[in-house]
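Worksheet: the structure to be examined is printed underneath.
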Number of protein chains: 2
Amino acid sequence: MDDRSPVMGLVHLLRAVTVEFDVLGAEFAARHGLHPTDVRALIHLLDAERAGLRATPGWLGEQLRLNSAGTTSLVDRLERLGLASRSRDTADRRRVLLKVEEKAAELGWAFFGPVIGEVVAVAEDFGAGELETVRRFLTAVLGSVGRARSS
Amino acid sequence: MDDRSPVMGLVHLLRAVTVEFDVLGAEFAARHGLHPTDVRALIHLLDAERAGLRATPGWLGEQLRLNSAGTTSLVDRLERLGLASRSRDTADRRRVLLKVEEKAAELGWAFFGPVIGEVVAVAEDFGAGELETVRRFLTAVLGSVGRARSS
DNA sequence: GCGATAATCTCGCTCAGCGAGATATTAACC
DNA sequence: GGTTAATATCTCGCTGAGCGAGATTATCGC
């Protein structure tokens with residue numbers, strides 16, 4: 001657990017990657033007049049859409065750890081920017097359904113596209129077995145962080 | 001580059017890990033009455049200390065992409081919380097040197113300790129060669145993100 | 001010395017997010 | 001079926017992080 005443990009290098013590396021992704025997100029946000037929270041919100045909304053889940057303000061607020069007031073103003077912002085839209089759920093009329101607009105997906109690709117391209121290029125230097133090892137490791141780490149969070 | 005590419009899973013995995021780390025940091029911040037920016041600042045200050053660099057407000061502001069006004073209030077906050085302290089540089093008296101207090105290192109360990117423990121445990125299931133593969137991959141990805149940022 | 005440059009800080013402002021509570025809709029229970 | 005509780009969202013007023021502009025203090029080149 002001290003700094004000379006061979007695993008510590010990996011931990012620092014993971015953290016460095018995280019920080020770089022954050023900075024990338026923040027710069028993207030600034031360049032498009034968005035706030036970091038807006039970017040995080042779009043990521044969650046796009047994820048939900050891909051998974052076929054129906055997103056609501058309450059659900060989004062939980063994901064981002066915002067209270068209801070903050071969530072309302074976030075959704076107001078996204079709507080004003082034309083990135084998402086509200087519509088009443090006809091089944092339960094207390095609920096509001098959130099839909100991401102095409103424009104948001106375009107911004108998402110503009111954001112992730114170049115990074116994905118670079119990572120794909122990097123992956124070409126690795127064999128299928130090696131990539132599988134990386135995948136196993138990252139999956140395990142993902143579980144680790146989740147476990148550390150809940151304890 | 002589409003969703004069925006075998007590398008896309010890795011990209012999503014990396015993003016998921018990043019998001020988890022962020023949420024962990026945000027929860028830690030909230031639990032200790034800190035702001036996410038304060039946590040990021042402490043990470044940079046601890047890194048600088050480990051690397052033997054002398055941190056100043058200007059340097060810290062660059063790292064965090066804050067302007068001078070925001071940096072001043074950040075340092076004020078850290079000082080008020082007893083996590084860092086200012087001292088004039090005797091060589092160049094325009095400069096202010098930032099020092100992290102012991103308390104900050106303790107909080108840092110309280111933050112990263114459990115996660116590190118979990119990751120170390122995860123790493124035990126992997127051979128030395130496999131860990132080296134993961135290290136190579138993450139190092140390459142770190143370069144990728146940096147390249148995507150600057151383009 | 002004197003102007004130019006650099007590092008930090010002060011002031012006033014905007015706006016994200018919070019707490020408290022209002023409003024509207026649905027579910028539960030006798 | 002009507003009253004009460006629970007749920008989802010929104011409104012209002014406020015705090016405080018971070019910004020732009022500019023003041024302040026220290027150093028450097030001439």
Sorted by chain and residue number, the side chain to side chain donor-acceptor pair (under 3.5 Å) partners of A:D47 (sequence neighbours excluded) come out as A:R50, B:R15
From CH2 of B:W59 across to C1' of C:dA6 the rounded distance in Å is 19 Å
By side chain to side chain donor-acceptor pair (under 3.5 Å), B:R94 pairs with (sequence neighbours left out) B:D92
Between CD of B:E79 and C1' of C:dC9 the distance, given in whole Å, is 13 Å
Tracing side-chain contacts under 4.5 Å among Ile, Leu, Val, Met, Phe, Trp and Tyr outward from B:V19 reaches B:V23
To the nearest angstrom, the CG-C1' distance between A:L34 and C:dC15 comes to 15 Å
note: B:L98, atom CG; C:dT8, atom C1'; distance rounded to Å ~ 11 Å
Protein heavy-atom contacts under 4.0 Å, written 5' to 3' over nucleotides 13-30 of chain D as B (base), S (sugar-phosphate only) or - (none), form the string ----SSBB-----BS---
From CG of B:L60 across to C1' of C:dT8 the rounded distance in Å is 13 Å
When rounded to whole Å, the CZ to C1' distance for the pair A:R95 and C:dT25 reads 11 Å
For residues 97-107 of chain B, the side chain to side chain donor-acceptor pair (under 3.5 Å) pairs (sequence neighbours left out) are B:S85-B:E101
In whole angstroms, the gap separating P of D:dC10 from CG of A:D76 amounts to 7 Å
In short, salt bridge (charged side-chain N to carboxylate O under 4.0 Å, His left out) pairs touching residues 66-87 of chain A with sequence neighbours left out are A:D38-A:R77, A:D76-A:R86, A:E79-A:R86
CZ of A:R40 to CG of A:L74, rounded to nearest 0.5 Å, is 9.5 Å
